[in-house]
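We name chains A, B, ... by the order of the sequence lines, and we start the count at 1 in each one.
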Amino acid sequence: MFSLTSCLYISAFLFSTGVYGVLGRRNILVVLMSLELMLNAVNLALVAFGRAYAAQDLAAAHTGQIFALMVIAVAAAEAAVGLSIVLLVWRRWQSIDVRDLCRMHG
Amino acid sequence: MDFNPSLLALIPILPLIGFVLNGCFGNRMGRQFVSIVGCALPITSFVIAFRAFQALRGSESEAIRHTLFEWIHVGSFQVDMAFTFDGLSAVMCLVVTGIGSLIHLYSTGYMRGDKSYARFFAYLNLFTAFMLMLVLGDNLLVLFVGWEGVGLCSYLLIGFWHEDAANCDAGRKAFIFNRVGDLGFLIGVFLIFTLFGSVNFAEILVGVESISDVTAPASSLNSAMPMWGTVAIGTLITAITLCLFVGATGKSAQIPLFPWLPDAMAGPTPVSALIHAATMVTSGVYLCCRLMPLFSLSPQTLGVIAAIGACTALLAALIALSQTDIKKVLAYSTVSQLGYMFFAIGMGAYSAALFHVVTHAFFKALLFLGSGSVIHAMHHEQDMRKMGGLRRQLPFTHLIFIIGTLAIAGVPFFSGFFSKDEILFSGFFAAFHGHDGHVHFQDQLFWGMATLTAGLTAFYMLRMVALTFWGKSNVDDKLVDHVHEPGGWMPFSLAVLAVLSVFGGILNVPELLHWLPFVGEERTFLLGNFTGLHHAHTGIDLDALHKLEWTSLIISVGVGATGLAAAWYLYGPGRALLDGFVNGAGKKLVRISENKFYIDEVYQILIVTPFQFASYVMFILIDRFLIDGVMVGGSALVVRSFGEFFRRMQSGFVPAYLLTFGCGALVLLFIMMSLLNGAG
Amino acid sequence: MESVNILSILVFTPIVGAALLAFFKPKNTAQVRHAALAISSLTFLLSLGMLWMYSTAMGQHEDGDLAARGSMQLVEFGEWLPSLGVHFHLGVDGISILLVLLTTLLSPLILLSSWKAIGDRVKEFQIAFLLLEGGMIGVFLALDLVVFYVFWEVMLVPMYLLVGIWGGERRIYAAMKFFIYTMVGSLLMLLAMLYLWWHTGTVQLIEHGIVNPETGLLEMMPGLLEVLRTNPLEPTTQVWLFAAFALSFAIKVPIFPLHTWLPDAHVEAPTAGSVVLAGVLLKMGTYGFIRLAIPLFPHGTEVFTPWMLGLSVVGIVFGACMALVQTDVKKLIAYSSVSHMGFVVIGLFVINDLGWVGGIIQMVSHGLSTGMLFLLIGIVYERRHTREISHFGGLAQVIPVFSVMFIIATLSSIGLPGLNGFVGEFMILLGAFREHQWIAIGASSGVVLGAVYMLTLAKRFLFGPLVHEENRNLADLSPRELCYLVPIVVMMFWIGLYPKPFVELIEPSVQLYVDTINK
Amino acid sequence: MPINLVSADYAAILPAVILIATGLAVLIADLFVTDDGYDNPSSEKSHLVWIGVCGAALAFAALFVPSGLLFGAWSENGVASGSEVVFLGALRLDAFGGFAAAIIIVAAGLTTLSSGGYLAAQGQNRGEFYGLVYLGGGAMVLLAQATNLISIFVAIETLSLTVYVLAGFFRKWKLGAEGAAKYFILGAFSSGFLLLGMAFVYGATGEISLAALGKSTADPYLMNVGLLLILVGFGFKVGAVPFHSWVPDAYQGAPATAAGWMAVAVKVCSFAALIRVVVAAGQGGVADAAIGKMLAALAVVTMVLGNLAALNQTNIKRMLAYSGIAHSGYLLIPVVLAFQGTPDPKVGAGALFYLVAYLLMTIGAFTVVAMVSNGDTDREELESYNGLAKRQPFVAFAMTVSLLSLAGMPGTVGFLGKLTIFKDAVYSGPYLYLAFVGILASLVSVYYYLRPIVAMYFREEGETIEIVENNWGVKLTLVLTSFGTIALFFCGKSVHELSVRSIQSITG
């Protein structure tokens with residue numbers, strides 16, 4: 001029902017949405033969420049690939065899933081650090097608009 | 001007589017030692033030390049040179065040679081620091097040391113009051129050393145050392161009183177004019193080395209003798225010739241001799257490089273006598289005589305030399321007519337006489353040229369030193385218009401001047417008579433008999449110019465004497481009482497030179513006049529025979545020759561006498577006539593002469609100013625603007641602008657950063673995909 | 001004798017000396033000065049030792065063939081980066097020995113000259129200078145392209161500091177210009193070297209022995225010169241490589257139109273900097289041509305010869321014209337260097353024995369005469385703090401000894417026979433005349449122009465009335481100043497009057513090179 | 001599957017473990033040892049520095065213990081040591097990883113040494129700094145050894161997290177927050193691409209080990225795109241143009257010593273991993289030659305743009321940041337060559353050797369920046385360096401040595417680094433133009449490297465500024481870096497040989 005290709009399409013759609021969110025939104029929190037979305041899009045692809053290989057009964061069967069688990073863990077840590085940085089930005093800049101962060105340039 | 005050849009080296013070295021001693025210690029050791037060192041060493045040189053001369057006369061050999069050391073030796077190019085003492089060198093050497101010594105002696109009196117006494121003698125000694133090197137040099141390069149060295153001393157001595165900027169300018173002018181000549185000289189040397197494979201005189205002459213056919217290609221003479229092997233030997237020799245002659249025109253003040261010599265009178269008068277009359281300026285003539293066989297191979301060059309010589313003689317004489325500075329008259333007279341000498345060389349009469357060098361050295365040194373006495377007496381007043389009537393106060397000097405004038409005017413049996421007559425005769429011979437049996441118009445023209453010059457010479461010399469010594473006194477009242485005859489060694493030098501000026505002609509009496517007292521058949525052409533230089537006239541029977549000679553002699557004496565008479569008349573009883581001419585019809589002519597035919601101005605307008613202007617424009621336009629501004633600064637600016645552009649691209653906005661990132665990745669992806677698609 | 005690595009010692013004495021100086025107390029300037037002087041004098045003595053060893057080695061080949069007499073002597077082959085193929089390879093032959101001696105002779109003199117002129121940051125000055133000296137010696141001795149390049153670049157930094165720290169008003173601009181200008185050339189040279197390296201597999205200039213790691217035996221490996229002789233590069237490759245090397249050297253010489261850094265550097269540099277720049281640094285360029293560009297790429301040389309000769313003639317005339325209109329003495333002499341170095345380049349590119357020997361002699365001569373002129377200008381600058389020609393005049397009345405020295409230097413510079421300038425110039429022109437007559441004739445015009453601007457300078461500087469009252473009380477040369485001028489004067493006369501020992505040192509090597517190139 | 005750990009496994013992770021342990025030890029020590037009973041961030045806390053340096057020394061020593069990473073390459077004189085795959089292919093015990101680890105460890109030690117006084121002067125001397133350095137260092141060492149996609153990703157993310165925090169370590173400083181935020185957002189963004197690439201590669205081959213990159217695959221298209229995306233991820237880490245935008249801002253906002261650490265250590269481990277990737281990809285020939293061209297293009301753009309953008313910088317940290325970008329460009333040259341793998345498989349050695357040089361000169365430069373800035377961002381401007389040579393001759397000297405080395409002047413190890421890289425490029429044949437561009441780019445770079453020297457030596461000082469002077473750690477760092485920069489030039493032989501042997505351990 002869910003072929004590899006369709007999973008990958010969904011994954012690609014999610015990834016693109018994430019990229020758009022990162023690029024297009026001002027609010028750092030939204031940007032953070034979009035970043036998570038990108039990672040999760042890839043997770044979907046990984047799991048899909050893993051599933052596909054499992055169907056072929058290859059040795060690499062579940063690596064995709066393991067990879068995805070690792071990514072989830074990493075993403076959690078990243079979110080923690082990210083949020084604390086957002087907090088820092090709010091304290092120093094009284095703003096969480098990414099476009100305000102432009103004192104350094106050139 | 002035994003003569004140790006190594007003594008030859010001492011001849012130039014002794015004055016050099018004098019230079020070092022006077023230069024380093026002169027100021028501390030006092031005047032007496034300076035005078036003794038300064039005079040004794042050139043005199044010793046004279047003695048050695050005289051001994052060498054005697055040895056040479058007594059021996060069979062053509063020359064005494066001594067090699068001091070190997071100077072430059074690279075591959076096939078070898079030059080030694082070596083000296084040759086042959087007939088020609090001997091004559092020059094004796095003149096230089098002899099007259100040089102006399103002038104040194106004279107200077108002890110003349111320069112007595114000068115604060116830079118030691119420096120003066122140091123320079124004078126240095127000059128003597130270089131001049132001796134020039135005439136003794138065994139090869140072109142040693143000669144060139146002397147050649148440049150005397151130029152340097154001339155520069156230093158012209159600007160001796162360096163507090164006055166004009167003197168230094170004159171010195172610089174002399175040096176630079178000489179350098180232009182030296183350029184020709186150098187190229188000549190290069191050509192000689194290329195053609196003959198050596199710069200040694202002896203070897204060059206051997207090479208010249210081996211030339212049988214001047215139309216043969218140069219490679220037949222020197223098979224190793226790297227270039228111009230197909231050009232005819234004669235063409236190359238013409239080029240060589242012309243180049244060397246360019247050098248000679250610089251040193252010997254010929255057209256077009258003569259304007260420095262009159263300016264050189266800025267130096268102390270003994271310097272003018274020694275350097276700018278007796279010795280240095282004749283080194284061009286010496287060079288031609290030294291390479292006589294080479295010059296003789298190129299009739300074209302000789303033609304040019306004759307033309308330049310005659311023109312210079314006439315032009316300088318015309319200018320001398322109206323000069324009011326006593327030394328300037330003598331200076332132009334020197335230029336004119338040097339023109340004579342080159343005219344002689346152009347006519348192939350080398351011995352006459354050398355003879356005139358010698359006699360000219362006598363009487364011109366005499367005249368200069370005499371004028372020095374006048375100037376000394378007049379407290380450095382040189383303008384003849386402020387003199388006049390000095391005969392009473394300076395009878396001795398007056399006598400000296402008369403002797404000098406008679407000598408230079410060619411009055412029979414004075415020294416100048418013999419030499420000038422020989423030159424004019426060589427011109428006459430070429431003009432009306434012809435070397436090859438043909439008579440050429442240009443030869444007649446040159447002879448006419450030379451003869452005219454003889455008359456003019458007599459005229460302006462007597463004019464000078466008249467203005468200075470005769471008539472009523474125009475001397476400044478304050479000076480009148482102080483005018484006095486020179487003392488010390490000065491009269492001695494003058495007297496010796498006067499004697500030489502009177503009797504110097506005996507050195508080379510033509511065969512025609514062998515009946516004169518103290519002469520005999522066997523004593524004619526002493527100088528010519530001793531030096532082995534050519535006479536102009538060969539291949540003609542004696543009677544015809546005598547006939548021609550008498551004609552020429554009578555014409556030249558006549559012209560000289562006319563000149564003297566005219567001067568006597570115009571500056572005596574005919575004064576009004578002269579004034580009328582000067583202020584009337586001849587006003588423009590006189591002005592041209594007074595302004596030296598505007599030659600300095602022409603040089604200034606045609607060469608100096610454009611050159612300076614061009615240099616300045618190039619500096620601003622090419623160096624500063626084009627190279628430094630546009631090329632160097634421009635490339636730096638371009639790089640920095642790029643840097644600024646890329647710096648500005650970093651806008652500081654996170655979305656922009658992300659976009660850069662994303663676009664970069666996308667572009668890479670696209671390229672990648674197109675490459676992949678293209679490949680597969 | 002074999003056991004003494006005299007060349008390494010020579011190179012590293014000043015460098016190690018500089019490192020040791022770093023431990024001196026900066027405030028104790030006298031001590032630092034003395035120490036630096038001692039080090040550079042020691043270097044000079046060592047270089048005399050090298051000369052002695054060289055002559056001894058030459059003496060053994062008295063009757064030997066040219067190859068034996070002209071080849072590299074006292075060769076050292078040390079390990080540096082064997083895994084990269086770079087070795088510390090030094091050697092000296094007739095071409096380099098005089099330049100080394102010139103460097104070691106000038107260095108102590110320059111230090112003496114800056115005894116009082118440099119009052120600020122004395123220690124740094126001495127260190128920079130000694131480093132510079134070491135670098136200069138290294139360039140002349142290097143037989144490994146990379147080592148050559150290293151020394152070539154190493155010199156830049158101390159020179160940059162000399163100009164930048166102790167220079168005049170526009171020192172920063174001048175120093176920057178000097179540095180970047182030189183880097184432009186040298187980096188392209190590096191690229192060409194790398195290419196050559198790849199092409200031939202070696203950067204050693206001459207044959208050398210390497211222990212084979214597998215067999216443990218010493219094997220003779222051919223150097224670049226040998227490799228390229230048996231197996232020449234493609235003509236087009238040669239042209240490109242030559243162009244890259246030549247650009248670097250031409251900037252250093254400098255050849256018109258790459259000269260504009262020189263006047264700025266000279267004017268802004270302190271006396272010591274100017275002297276070392278004119279005295280030695282410019283010679284690196286011409287030395288590079290002799291040692292590398294011409295022998296390695298004969299075809300490239302052939303292609304570029306007309307350009308080099310033409311540009312040199314233009315440079316001779318152009319430099320002279322520029323010198324004529326300058327108002328700053330140092331700038332005038334800087335442009336005169338452009339003119340004089342043009343002669344050297346002509347000498348090198350006619351590729352015959354006369355031209356090369358003349359060129360090398362002229363390199364030394366120019367180092368002496370121009371170096372001396374800068375020293376003299378430094379002396380008056382120390383007293384008057386101006387270099388405008390119009391601020392002087394009539395100095396001969398006040399400071400006669402100085403004036404004599406100045407005149408000697410002037411005459412040497414305009415090539416008066418009997419002084420050093422003539423010998424080299426004459427040989428160059430004679431050599432050039434054999435191959436390219438019109439070039440020689442064109443270049444000869446420099447003889448006249450040189451006299452014009454130098455004598456004009458002398459006149460405006462020394463002669464005439466004493467216009468400026470400030471000049472009335474100038475002090476004449478002190479014993480210290482005489483101390484560093486007299487050796488130069490002696491050398492000037494020596495080379496001018498008796499150049500034989502110098503020529504004999506140079507000639508065999510030149511013959512060897514020229515014969516090989518022309519073959 | 002049961003996991004049997006053997007001694008090789010322990011030996012492989014020993015340095016990383018020591019580093020991580022050191023990080024933890026520092027954090028703990030910071031809790032217990034306080035001045036006057038409370039934490040004073042203005043004190044020097046030399047005990048933390050000591051712990052850190054000792055840990056680094058220990059970790060360094062661990063490389064050389066028998067069966068340690070560098071033991072074989074160091075002792076067995078030219079023969080590549082036996083390399084082993086450990087932890088089921090997650091890591092590899094080889095000299096290559098060891099060499100990179102050595103640089104990272106030394107960088108950690110030097111950063112620690114130089115930070116104490118600097119942070120104290122800023123009033124920001126908190127133990128977390130050292131903790132983050134060492135924890136991150138551990139991750140970096142692991143990254144250098146990582147041989148499968150998961151370990152690479154995890155190591156990269158771990159080290160990145162520590163570095164994000166370090167970038168914003170000056171909490172009170174607006175710029176710190178800005179830099180950290182920018183770095184974080186872009187970093188996470190690039191992680192997405194990296195991960196996507198890894199997913200593609202996994203998808204194409206079904207394997208996650210790097211060795212799989214060399215294997216043939218059913219879908220080379222997916223494989224190559226995946227590889228390209230991985231390269232983009234690494235490109236971000238090393239600051240290659242056009243993924244470089246974060247570099248100047250992050251460096252400027254970060255503490256100077258942290259910037260040095262970021263510049264060196266991150267670059268070292270990223271390049272190590274990158275080289276592993278390209279060697280693996282290049283050897284099998286699956287990866288299209290287009291990847292090589294792409295890398296070369298990145299190298300060219302990075303060298304040119306980095307150097308040009310640095311030209312007119314007035315802030316010295318930004319200048320050094322751009323210079324770091326440019327150096328990434330130079331370092332990409334051996335990566336390209338390693339990808340190509342011909343004619344000489346040793347070509348990647350240039351990168352390792354260059355990184356050693358880069359370590360010394362960059363840490364040296366940033367240490368001086370730290371000394372001069374002394375707690376004031378305005379003193380990171382070029383004018384603050386006016387007349388420094390008179391005031392602080394040694395500091396100016398150390399800075400000069402670092403800058404000259406960065407510019408590649410002979411006499412410093414930076415020259416040898418550039419020489420090896422450019423030589424290899426010329427030797428490669430088709431990539432000769434990289435050497436050409438690199439040389440032109442370094443010509444441009446000379447200008448801006450000279451500017452601080454101009455300020456320090458040629459200009460007169462404007463105002464007297466106190467700098468972190470009497471801190472032994474800082475001085476020692478400068479002595480080590482400047483001496484090392486010069487000494488390695490003269491005696492770089494063994495290091496160079498080691499780098500060659502190290503690269504042989506992965507190319508075979």
Side-chain angles (χ1 to χ4, degrees), chain A residues 4 8 11-12 15 18-19 22-23 28 31-32 34-39 41-50 52-53 56 58-61 63-64 66-68 70-71 73-75 77-82 84-93 96 98 100-106, chain D residues 148-151 153-154 156-158 160-162 164-165 167-168 171-189 191-209 212 222 245 248-253 309 312-315 317-318:
Chain A
L4 174 64
L8 287 182
S11 157
F15 193 83
V19 170
V22 176
L23 283 172
I28 299 188
V31 170
L32 272 186
S34 305
L35 288 169
E36 292 301 314
L37 194 59
M38 284 168 69
L39 293 185
V42 182
N43 277 344
L44 183 59
L46 281 170
V47 174
F49 278 130
Y53 281 116
Q56 291 170 29
L58 287 175
T63 358
I66 296 169
F67 205 154
M70 288 291 187
V71 173
V74 165
E78 203 176 78
V81 171
S84 61
I85 287 177
V86 172
L87 222 63
L88 186 64
V89 169
W90 172 251
R91 278 202 200 140
R92 294 287 155 257
W93 292 77
I96 47 168
V98 287
D100 287 347
L101 297 175
C102 62
R103 223 174 100 184
M104 287 187 288
H105 58 85
Chain D
N148 77 22
L149 297 178
I150 296 181
S151 54
F153 182 73
V154 173
I156 281 192
E157 286 305 307
T158 318
S160 297
L161 291 180
T162 65
Y164 298 148
V165 178
R171 295 185 302 201
K172 294 172 187 160
W173 194 10
K174 258 185 145 181
L175 296 187
E178 181 186 338
K182 283 176 169 172
Y183 190 11
F184 177 79
I185 295 171
L186 281 154
F189 191 61
S191 296
F193 283 86
L194 179 68
L195 192 58
L196 189 64
M198 287 176 168
F200 282 4
V201 170
Y202 168 66
T205 60
E207 285 186 50
I208 54 165
S209 102
L222 192 62
S245 314
D249 295 356
Y251 281 23
Q252 195 185 344
N312 293 336
Q313 298 299 332
T314 53
N315 181 295
K317 264 189 192 165
R318 279 187 96 73

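Heavy-atom distances place both the backbone and the side chain of Val19(A) under 4.5 Å from chain D. Heavy-atom distances place both the backbone and the side chain of Leu46(A) under 4.5 Å from chain D. With a 4.5 angstrom heavy-atom cutoff, Leu222(D) touches chain A only via side-chain atoms. The part of Met38(A) that comes within reach of chain D is its side chain, from C-beta onward, which places non-hydrogen atoms under 4.5 angstrom from that chain. Heavy atoms of Phe189(D) lying under 4.5 Å from chain A belong to its backbone as well as its side chain. At a 4.5 Å heavy-atom cutoff, the contact between Leu39(A) and chain D is made by backbone and side-chain atoms alike. The contact between Val89(A) and chain D is made by backbone and side chain atoms together, counting heavy-atom distances below 4.5 Å. For Leu8(A), no part lies near chain D; criterion is any non-hydrogen pair under 4.5 Å.
Of all the heavy atoms in Asp249(D) and Met104(A), the pair that sits closest is O-CE, 3.2 Å. Nearest heavy atoms, Glu36(A) versus Ala75(A): OE1-CB, 3.4 Å.
Counting heavy-atom pairs closer than 4.5 Å to chain A, the top residue among Lys172(D), Arg318(D), Arg171(D), Glu157(D) is Arg318(D). Note on Gly187(D), Gly176(D), Ala180(D), Gly179(D): by heavy-atom pairs under 4.5 Å with chain A, the leading option is Ala180(D).
Distance CG/Leu195(D) to CG/Leu149(D): 9.5 Å, rounded to 0.5 Å.
By the salt bridge (Lys or Arg N to Asp or Glu O under 4.0 Å) test, Glu178(D) pairs with Lys182(D), sequence neighbours left out. In this view, Ser245(D) satisfies the side-chain hydrogen bond (donor to acceptor under 3.5 Å, both in side chains) rule with no residue, not counting sequence neighbours.
Residues Tyr183(D) and Ile85(A) form no side-chain contact, since every pair of their non-hydrogen atoms from C-beta on lies 4.5 Å or further apart.
Aromatic rings from Phe15(A) and Phe193(D) are positioned such that their centres are separated by under 6.0 Å.
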